[in-house]
Amino acid sequence: MERVPILKLGEILLVSIQIDMEDQVALQLQEDLAERIVATRCHGVLIDISALDIVDSFVGRTLATIASISRVLDAETVVVGMRPAVAITLVELGLSLPGIRTALNVELGMELLARDASFDFEDAASMAVDEAVDEP
Amino acid sequence: MALGPEEANRFAALLEERQEELVGAWTDRVAQSLRGRLSRTELERQTGELRKGFHAALAGGAAELGQEPADELRAQLTELSSSRARQGFSATETAVSVFALKDAVLTVLDGSDASNLRDYVAFSGFVDQAALFTFDSYVQIREGLIADQAEQLLELSTPVVKLWEGVVAVPLVGTLDSARAQVVMERLLETLVETGSPHAIIDITGVPAVDTQVAQHILKTVVAARLMGADCIISGIRPQIAQTIVALGIEFGDIATKASLADALRFVLKKTGR
């Protein structure tokens, strides 16, 4: 069975789906990704679906599940590069993929994740300041 | 009654011998029906050409318009209807240009001879075919023109413009039916991908009325853009439209709506921190 490769790019895991997304492939990706997030301790996942002509309801649901799983593992998921035709079909089918964050392309997706990371960092920094203020 | 080879030959000879009288009478009748919208010289040239075409077809022994000797004539008739259709003449006015040949032939024909009259009926059948052919091609050409114009209209009315780095806008003008909504949606989504713009503004200032169907189309476009990772804002909502939207109970949910395009652009720029 074909597998979707998962690449580590700094703090981000990049998944570029270049093959037909059969149900088994989707499930395998879900498993692999969960393991990789834990193993690499990454905080961001980018799933590039720009090569996908068809996104059916199962793949849509799997993407949503992957997003939920990564959130549990403290990683933010962004789905990037959805084609116009795919988006139109999903809307016509009434699937709006709730809980999935999207970006137009990999670059914008990276920016989105970087912005989140910096917010986290600021939060942590401000918390540290709060604690420092509390101490005396 | 089909045109026999002998009759065809006789008429070919008649068309050749009495050509000046014929073309004169023919042009008179056509000029009458067109009421001076084409110059006489122009008409004379056209009827003269057509006379040559009819003569060639009949001399070649064409009993029906569909036959090979009449190929040239058919091309001429198509040419005629094409130019008339483009100049805005009606179908009747175009067909009369061919029908008038029958009258013209009658004026030069010796009516006292009964066999002549019988031939004339056959000949008139041939002219009828020619006129019907003209009519058909006229309609075809007009339909082609209309289809072209509809397509041009569709293209013209759905531009996607880039307002700022990362901000595109679609100024919608005219009634939004399903076909146009589809074109707008595809055009917008494709532009989003091409330009990598994460923000889109749909401006409905030019939409005369918003009913539930139009709202549905706009909502679908916004949801599709969101799925792709772009944010849509609806702007240009006129007071009456706002009232209709509320009266119809249309919910735009968490989609940002602004009164004017300027407000929408300001909103986007503020959001992106520029």
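In the text below, chain A, chain B and the rest are named by the order of the sequence lines, each starting its count at 1.
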Contacts of residues 91-105 of chain A with chain B (heavy atom under 4.5 Å): A/V91, A/E92, A/L95, A/S96, A/L97, A/T102, A/A103, A/L104, A/N105

- line: Expected contact set for residues 55-72 of chain A against chain B at heavy-atom separation under 4.5 Å reads none

- prompt: How close do A/A87 and B/A224 get, heavy atom to heavy atom, and via which atoms?
  reply: CB-O, 3.6 Å

Looking at [X], I want to see if its [atom1] is surrounded by more than 12 non-hydrogen atoms of other residues, nucleotides or ligands under 6.0 Å.
| X | atom1 | result |
| --- | --- | --- |
| A/D20 | CG | no |
| B/Q87 | CD | yes |
| A/I54 | CD1 | no |
| B/Q129 | CD | yes |
| B/E42 | CD | yes |
| A/Q30 | CD | yes |
| A/E22 | CD | no |

query: Mind checking whether A/R83 and B/V193 have side chains closer than 4.5 Å, heavy atoms only?
result: no

- request: Find the distance between CD1 (A/I88) and CD (B/Q182) and round it off to the nearest 0.5 Å.
  value: 5.5 Å

message: Pair A/V80, B/M228 - check side chain to side chain contact (heavy atoms under 4.5 Å, CB included), show working.
response: CA-CA 7 Å; A/V80 300; B/M228 290 170 53; over 6 Å; no

statement: Pair count under 4.5 Å, heavy atoms only, with chain A: among B/L188, B/L227, B/V223, B/L219, highest is B/L227

